[in-house]
Amino acid sequence: MATLVLHHQTSPAQDAEALHQAFKGWGSDGKAIIAILGHRNVHQRQEIIKAYEEIYQENLIKRLESEISGDFERAVYRWMLEPADRDAVLMNVAIKNGPKEYNVIAEIASVLSAKELLAVRSAYHDRYKRSLEEDVAAHTTGHLRQLLVGLVSSYRYEGDEINVKLAQTEANILHESIKEKKANYEEVTRILTTRSKTQLVATFNRYRDEHGISISKKLVDQSSDDFVKVSHTVIRGINDHKKYYEKVLRNAIKKFGTDEDGLTRVIVTRAEKDLKDIKEVYYKRNSVHLEDAVSKEISGDYKRFILALLGKQD
């Protein structure tokens with residue numbers, strides 16, 4: 001797990017005081033905020049929040065929201081949340097934004113471990129006073145609802161056992177569903193929401209061996225209704241989540257007008273997990289460092305903050 005380190009050894013109280021100082025005057029000092037928060041790990045950030053509350057009787061996250069704005073504010077806000085709470089917020093935003101962001105729900109549900117997803121459900125419950133499954137069900141219909149509710153409520157087995165015969169059978173089921181261009185939605189949903197990731201990878205590998213094409217590439221060829229798009233995200237996220245995230249970043253940067261939400265989501269959620277590996281995948285795929293690609297697309301404090309999380313020193 002990547003760990004962000006302090007530039008100078010400081011206490012949470014000293015960091016809280018330095019942040020309070022950065023908020024004074026006309027407009028806050030974005031560079032000072034980045035110098036502190038962009039170089040503190042999740043535990044240190046939670047300690048700073050506690051210290052700030054104790055010293056100033058004020059919620060640091062709310063203060064940050066009032067002091068900074070735009071993409072910078074959204075990125076800092078998400079960074080300051082604990083991982084499960086952050087994913088709960090991302091899920092809620094995606095649910096409200098409708099079909100164009102159902103891939104985010106699928107992404108989080110398929111990349112996280114069973115325990116991590118359970119923690120997100122608990123955080124969602126605490127924050128919104130409703131269950132995640134309830135909100136997903138309320139905003140979707142039909143087969144797509146079954147798939148998304150199945151994904152967010154899943155608690156997958158995480159062992160390494162593989163049933164080779166089952167992989168063959170279910171690779172055939174998936175092939176038949178896709179081939180007909182009239183997917184057998186119930187079977188696809190059952191397979192994608194209940195099998196362990198190890199079993200699913202074996203099934204996807206079996207599909208590729210049998211048909212000479214990866215199942216995710218085959219799905220792209222189909223008429224992309226929302227069910228197919230979500231299935232595609234799940235398969236890519238389970239099969240190789242680092243490659244999946246590289247593609248999200250590539251698409252975010254390539255878009256006409258950068259997709260800041262996608263860029264922020266990947267960098268903030270993976271910075272303390274496997275962002276270093278994702279950067280390597282990005283370089284191999286694009287022959288350009290992610291930091292350099294990002295630098296050309298964004299600006300200001302948002303750019304400085306994102307580059308800090310990417311490990312680029314000022």
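Contact of the W79 side chain with the L64 side chain is not registered, since no non-hydrogen atoms from C-beta on lie closer than 4.5 Å. Between R190 and I173 the shortest side-chain heavy-atom distance falls below 4.5 Å. Between L19 and L37, the closest side-chain pair of non-hydrogen atoms falls below 4.5 Å. Residues E176 and N184 have side chains not in contact (no heavy-atom distance under 4.5 Å, counting atoms from C-beta outward). Contact of the E116 side chain with the D87 side chain is not registered, since no non-hydrogen atoms from C-beta on lie closer than 4.5 Å. At a threshold of 4.5 Å between non-hydrogen side-chain atoms, the residues V294 and K303 do not count as touching. Side chains of L307 and E291 form a contact here, defined as non-hydrogen atoms less than 4.5 Å apart. Looking at R195 and E170, their side chains come closer than 4.5 Å, going by heavy atoms from C-beta outward.
Evaluation of the side chain to side chain contact (heavy atoms under 4.5 Å, CB included) rule for K62 yields N59, E65 as partners, not counting sequence neighbours. For the side chain to side chain contact (heavy atoms under 4.5 Å, CB included) test, residues two or more places apart in sequence or in another chain that qualify with V281 are K242, K243, E246. The side chain to side chain contact (heavy atoms under 4.5 Å, CB included) check on K50 picks up E47, with sequence neighbours excluded. With sequence neighbours excluded, the residues forming a side chain to side chain contact (heavy atoms under 4.5 Å, CB included) with K197 are R156, I238, listed by chain and number.
In this structure, a donor-acceptor pair under 3.5 Å is absent between the side chains of S196 and T198. Between the side chains of Y302 and T264, at least one donor N or O sits under 3.5 Å from an acceptor N or O. The closest side-chain donor-acceptor pair between K247 and N251, if any, does not fall under 3.5 angstrom. Between the side chains of N239 and R236, no donor-acceptor pair is found at a separation under 3.5 Å.
Residues V89 and I49 share a hydrophobic cluster, clusters being chains of Ile/Leu/Val/Met/Phe/Trp/Tyr side chains in contact below 4.5 Å. In terms of hydrophobic clustering, with Ile, Leu, Val, Met, Phe, Trp and Tyr side chains grouped at heavy-atom distances under 4.5 Å, V266 and Y283 are assigned to different clusters. Taking hydrophobic clusters as Ile, Leu, Val, Met, Phe, Trp and Tyr residues chained together by side-chain heavy-atom distances below 4.5 Å, V93 shares a cluster with V76. Put simply, I162 and Y157 are part of two different groups of oily side chains (I, L, V, M, F, W, Y) that touch within less than 4.5 Å, one to the next. Taking hydrophobic clusters as Ile, Leu, Val, Met, Phe, Trp and Tyr residues chained together by side-chain heavy-atom distances below 4.5 Å, Y77 shares a cluster with L263.
The closest donor-acceptor contact from the side chain of H241 to the backbone of G237 lies at 3.5 Å or more, if one exists at all. At least one donor-acceptor pair under 3.5 Å links the side chain of Q46 to the backbone N or O of M80. Without hydrogens or angle criteria, Q44 side chain to N41 main chain gives a donor-acceptor distance under 3.5 Å. At distances below 3.5 Å, at least one donor-acceptor pair connects side-chain atoms of S28 with backbone N or O atoms of E67.
Nearest heavy-atom pair across S110 and V234 is OG-CA, 3.9 Å. Nearest heavy-atom pair, L151 versus L117, reported as atom, atom and distance to 0.1 Å: O-CD2, 3.5 Å. Nearest heavy-atom pair across L112 and K273 is CD2-NZ, 3.9 Å. Here the closest heavy-atom approach between residue A293 and residue V288 is recorded as N-CG2, 4.4 Å. Nearest heavy atoms, R78 versus D261: NH1-OD1, 4.4 Å. Heavy-atom minimum distance, A88 versus V120: N-CG1, 3.8 Å.
The aromatic rings of H143 and F227 stand perpendicular to each other, their planes meeting at an angle above 60°, with 30° marking the opposite boundary. Relative orientation of the H20 and F23 rings is perpendicular, given thresholds of 30° and 60° on the angle between their planes.
A distance of 12.5 Å separates OG of S231 from CG of N103, quoted to the nearest 0.5 Å. Taking CZ of R145 as the start and OH of Y102 as the end, the distance is 10.0 Å to the nearest 0.5 Å. Here the CG-CG distance, from L310 to D292, works out to 10.5 Å after rounding to the nearest 0.5 Å. The CD1 atom of I253 sits 8.0 Å away from atom CG of N286, with the distance rounded to the nearest 0.5 Å. With rounding to the nearest 0.5 Å, the separation of CD in E53 from CD1 in I61 is 10.0 Å. T169 contributes atom OG1, which lies 10.5 Å from atom CZ of R206 (distance to the nearest 0.5 angstrom).
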Legend entry - Stepwise side-chain contact (heavy atoms from CB on, under 4.5 Å) check, F72 with R304: CA-CA 9 Å; F72 179 42; R304 280 187 280 274; over 6 Å; no

Legend entry - Criterion side-chain contact (heavy atoms from CB on, under 4.5 Å) on V104 and I108, from CA distance to verdict: CA-CA 6 Å; V104 176; I108 295 168; 4.0 Å; yes

Which atom pairs, one a donor and one an acceptor, fall under 3.5 Å between side chains of residues 132-141 and the rest of the protein, sequence neighbours left out?
| unit_1 | atom_1 | unit_2 | atom_2 | d |
| --- | --- | --- | --- | --- |
| E134 | OE1 | S131 | N | 3.2 |
| D135 | OD1 | R130 | NE | 2.7 |
| D135 | OD2 | Y124 | OH | 2.6 |
| D135 | OD2 | R130 | NE | 3.1 |
| D135 | OD2 | R130 | NH2 | 2.9 |
| H139 | ND1 | D135 | O | 2.9 |
| T140 | OG1 | V136 | O | 2.6 |

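Using a 4.0 Å cut-off between a side-chain N of Lys or Arg and a carboxylate O of Asp or Glu, R270 and D277 do not qualify as a salt bridge. Under 4.0 Å is where a charged nitrogen must lie from a carboxylate oxygen, and between K115 and E158 no such pair does. Using a cutoff of 4.0 Å between basic side-chain nitrogens and carboxylate oxygens, E272 and R45 are scored as salt-bridged.
Residue L118 belongs to a hydrophobic cluster whose other members are Y155, with links defined by side-chain heavy atoms closer than 4.5 Å.
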